[in-house]
K.L.:
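Sharing a structure with you now.
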Amino acid sequence: MTLSLDLTAEGARDALRARATPAEKPTLIGLTRVELGAALVEAGIVPERQAKMRAQQLWHWMYVRGVSDFSGMFNISKDLRAELDRHFTVARPEIVEEQISADGTRKWLFRFPPRGAGRPVEIETVYIPEEGRGTLCISSQVGCTLTCSFCHTGTQKLVRNLTTEEILAQLLTARDRLGDFPDRDTPDGAIVPAEGRKVSNIVMMGMGEPLYNFEAVKKALLIASDGDGLSLSKRRITLSTSGVVPEIFRTGEEIGVMLAISLHATNDDLRDLLVPINKKYPLKELIAACRAYPGLSNARRITFEYVMLKDVNDSLDDAKALVKLLKGIPAKINLIPFNPWPGTNYQCSDWETIEKFADYINNAGYASPIRTPRGRDILAACGQLKSESERMRKVDRLALEAMMIAGHGEA
Ligand code: SAH
Ligand code: SF4
């Protein structure tokens, strides 16, 4: 049989859309326990009086055991499992690519359905193994509406916010791939912490501005830190923001995770250029919001991220201004060597300059680790994330995908 395809631009696009949006079953991942129980009752497969118990049962399978198929939920009757499968899904998203760096860093490219964006979207998640811990760097949006001039993600136009499920799916899939659920094997040769959890920490530092997707991020982080489920301590979850001042207080109050601020400059003139959201929420307001962060103490410090840009923000005077600006705030300063990406005009500061800068800050009493660049060979380092599909010109991508469909159409 030969499948006939209209390969005019419009036809190809329609064909793609049809392929990319199969009738999706709603997912149970990302619902609160109450929403989960209600969904089961509404589908008519669980009586009201069992809703709470069933929700608890599913919660355990989804988040403690990491099961991604109802058939693995052994203490649920076969009939109910079949009904669940008829109405819902707990499946993982599509992994387009998994790259492993020489240093053990892993980067996954995920593809999610369009959900109103017109075409499937792709995002990246990065795993960084270190001595004693494994950190997962999670994305909150496809691209970013903000345009920090040194950030690769900032050159990609926002396609859409990620849903709660899509944020959690990054964590669940990473744990699958690393064998980080009970009774699972870690792949041979994988670099992971010698003991304890393979994913012990999460940082909302991937693509996107998490505080521009507040509700979905909040829900996902509350599920990730739920003690009867994924059970990550809130002290091991860090949310990084470029400075969306109105949501900073709510982050502490309603989510209660650790805060990181992408500072990068100590005066408004320079910060306006590097982190343009500064024009809306200037340093004075940002620093005031930090001082008022709920739970702030010496045991729960704010991390200030500072990217080291050659001849831009890396002088000793800048270091002095930084110490002055943060005076009185329980803080850690994280110096990030600039990670270059194709087409950028910035350069990373010399190593000697970075060390001098770090010494000054250390002497002023701040812990100031220099973040070792990780996974540079697979463009997985901070600010280098930008999905492959975006790099390919849209018209080329459509043509390629149309060709793939056409190829599959021949039987
Ligand atoms: N949008 C949020 C979180 C994602 S960015 C935010 O801006 O905080 C995570 C961190 O990487 C931020 O501190 C960001 O400023 C930094 N970053 C972005 N591009 C970078 C690059 N090319 N090199 C080093 N760090 C970069
Ligand atoms: Fe967006 Fe953060 Fe990149 Fe700025 S640094 S463009 S806020 S992802």
Side-chain angles (χ1 to χ4, degrees), residues 101 103 105 126 128 130 135 137 144 146-155 203-207 209 238-243 258-278 283 286-287 290 301-327 329 331-386:
S101 157
D103 65 16
T105 301
V126 179
I128 307 145
E130 284 167 288
T135 305
C137 179
C144 188
L146 300 172
T147 50
C148 303
S149 52
F150 55 88
C151 174
H152 200 199
T153 310
T155 65
V203 291
M204 297 302 296
M205 291 186 188
M207 294 162 70
E209 168 49 59
T238 302
L239 183 149
S240 172
T241 178
S242 57
M258 307 297 281
L259 181 68
I261 300 284
S262 294
L263 191 64
H264 309 317
T266 55
N267 62 73
D268 283 325
D269 285 346
L270 181 58
R271 197 160 189 272
D272 283 352
L273 292 176
L274 299 180
V275 189
I277 198 182
N278 193 68
L283 275 170
L286 178 60
I287 296 297
C290 290
R301 293 164 197 247
I302 295 179
T303 300
F304 289 89
E305 297 159 277
Y306 195 95
V307 63
M308 297 300 291
L309 300 168
K310 187 175 183 151
D311 299 332
V312 174
N313 64 353
D314 62 352
S315 71
L316 265 188
D317 282 343
D318 290 308
K320 286 179 193 162
L322 182 56
V323 167
K324 205 167 154 211
L325 184 71
L326 301 184
K327 201 161 190 272
I329 304 179
K332 278 186 275 193
I333 298 167
N334 207 337
L335 299 180
I336 317 176
F338 170 64
N339 287 309
W341 37 272
T344 180
N345 290 324
Y346 291 108
Q347 285 176 296
C348 181
S349 310
D350 303 326
W351 200 250
E352 212 179 299
T353 311
I354 300 181
E355 284 191 332
K356 272 195 197 141
F357 198 104
D359 282 348
Y360 183 87
I361 289 169
N362 270 319
N363 289 336
Y366 290 98
S368 61
I370 303 168
R371 195 186 288 171
T372 335
R374 299 291 302 263
R376 269 188 178 174
D377 53 341
I378 56 169
L379 278 185
C382 298
Q384 290 184 314
L385 302 184
K386 187 166 188 251

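Numbers here are sequence positions counted from 1. This is a predicted model, so every value here is computed, not measured.
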K.L.:
Looking only at heavy atoms, what is the nearest atom pair of Phe150 and Phe338, with distance?
P.N.:
O-CE1, 3.3 Å
K.L.:
Got a sec, which residues hit side chain to side chain contact (heavy atoms under 4.5 Å, CB included) with Thr241, two or more places apart in sequence or on another chain?
P.N.:
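Expected list: Glu209, Leu211, Leu239, Val244, Ile248, Leu259, Ile261.
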K.L.:
Determine, step by step, whether Ile128 and Val203 satisfy the side chain to side chain contact (heavy atoms under 4.5 Å, CB included) criterion, reporting the C-alpha distance in whole Å, the side-chain angles of both residues, the deciding distance to 0.1 Å, and the verdict.
P.N.:
CA-CA 11 Å; Ile128 307 145; Val203 291; 5.9 Å; no
K.L.:
Roughly how far apart are Ile336 CD1 and Ile370 CD1, rounded to 0.5 Å?
P.N.:
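CD1 of Ile370 is found 12.0 Å from CD1 of Ile336.
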K.L.:
Checking Tyr346 now: which residues fulfil side chain to side chain donor-acceptor pair (under 3.5 Å) with it, not counting sequence neighbours?
P.N.:
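Listed in chain order: Ser149.
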K.L.:
Which pairs with one or both residues in residues 337-359 pass salt bridge (charged side-chain N to carboxylate O under 4.0 Å, His left out), sequence neighbours excluded?
P.N.:
Lys310-Asp350
K.L.:
Hey, does Leu263 have a side-chain heavy atom less than 4.5 Å from the side chain of Leu286?
P.N.:
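A side-chain contact exists here, since the closest heavy-atom pair is under 4.5 Å.
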K.L.:
Please give me the minimum heavy-atom distance between Cys348 and Ile354, naming the atom from each residue.
P.N.:
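Scanning both residues completely, I find the closest heavy atoms to be SG-CD1, 4.2 Å.
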K.L.:
So, taking the atom named CG in Leu270 and the one named CG in Leu309, what distance separates them when rounded to the nearest 0.5 Å?
P.N.:
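Going from the CG atom of Leu270 to the CG atom of Leu309 covers 8.5 Å.
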K.L.:
Taking only residues two or more places apart in sequence, or in another chain, which ones meet Ala364 in a side chain to side chain contact (heavy atoms under 4.5 Å, CB included)?
P.N.:
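With sequence neighbours excluded, Ala364 shows a side chain to side chain contact (heavy atoms under 4.5 Å, CB included) to Val323, Tyr366, given in chain and number order.
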K.L.:
How many angstroms lie between atom OG1 of Thr266 and atom CG of Leu326, to the nearest 0.5 angstrom?
P.N.:
9.5 Å
K.L.:
Could you work out, with side chain to side chain donor-acceptor pair (under 3.5 Å) as the rule, every residue matching Asn363, not counting sequence neighbours?
P.N.:
none
K.L.:
Partners of Asp103 by salt bridge (charged side-chain N to carboxylate O under 4.0 Å, His left out), sequence neighbours excluded?
P.N.:
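Salt bridge (charged side-chain N to carboxylate O under 4.0 Å, His left out) check on Asp103 returns Arg374.
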K.L.:
Which residues pass the side chain to side chain donor-acceptor pair (under 3.5 Å) test with Asn278, sequence neighbours left out?
P.N.:
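Result, side chain to side chain donor-acceptor pair (under 3.5 Å) vs Asn278: Asp268, Arg271, Asp272.
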K.L.:
How close do Ala260 and Met205 get, heavy atom to heavy atom, and via which atoms?
P.N.:
CB-CE, 4.1 Å
K.L.:
Where do Met308 and Pro337 come nearest, in terms of heavy atoms and distance?
P.N.:
CB-CA, 4.4 Å
K.L.:
In sequence, state the C-alpha distance, the side-chain angles, and the governing distance for Val307 and Cys151, and then conclude on side chain to side chain contact (heavy atoms under 4.5 Å, CB included).
P.N.:
CA-CA 10 Å; Val307 63; Cys151 174; over 6 Å; no
K.L.:
Calculate, to the nearest 0.5 Å, the distance between atoms CD1 and CD1 belonging to Ile302 and Ile329 respectively.
P.N.:
6.0 Å
K.L.:
Got a sec, which residues hit ring pair (Phe, Tyr, Trp, His ring centres under 6.0 Å) with Phe304, two or more places apart in sequence or on another chain?
P.N.:
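Checked Phe304 against ring pair (Phe, Tyr, Trp, His ring centres under 6.0 Å); zero matches.
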K.L.:
Looking only at non-hydrogen atoms, find the nearest pair between Asp318 and Val312 and report the distance.
P.N.:
OD2-O, 4.3 Å
K.L.:
Hey, what do you get for OH (Tyr306) to CG (Asn313), rounding to the nearest 0.5 Å?
P.N.:
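Here the interatomic distance stands at 4.0 Å.
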K.L.:
Could you walk me through whether Thr135 and Thr238 pass side chain to side chain contact (heavy atoms under 4.5 Å, CB included), step by step?
P.N.:
CA-CA 10 Å; Thr135 305; Thr238 302; over 6 Å; no
K.L.:
Among pairs that include at least one residue of residues 331-343, which meet salt bridge (charged side-chain N to carboxylate O under 4.0 Å, His left out), considering only residues two or more places apart or in two chains?
P.N.:
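Sorted pair list comes back empty.
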K.L.:
Can you give me the closest heavy-atom contact between Val275 and Ser242, atom names plus distance?
P.N.:
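Closest approach of Val275 to Ser242: CG1-O, 3.8 Å.
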K.L.:
Kindly write out the residues that satisfy side chain to side chain donor-acceptor pair (under 3.5 Å) with Thr344, not counting sequence neighbours, or none if the list is empty.
P.N.:
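Checked Thr344 against side chain to side chain donor-acceptor pair (under 3.5 Å); zero matches.
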K.L.:
Looking at residues at least two apart in the chain, or sitting in another chain, which of them share a side chain to side chain contact (heavy atoms under 4.5 Å, CB included) with Asp317?
P.N.:
Ser315, Lys320
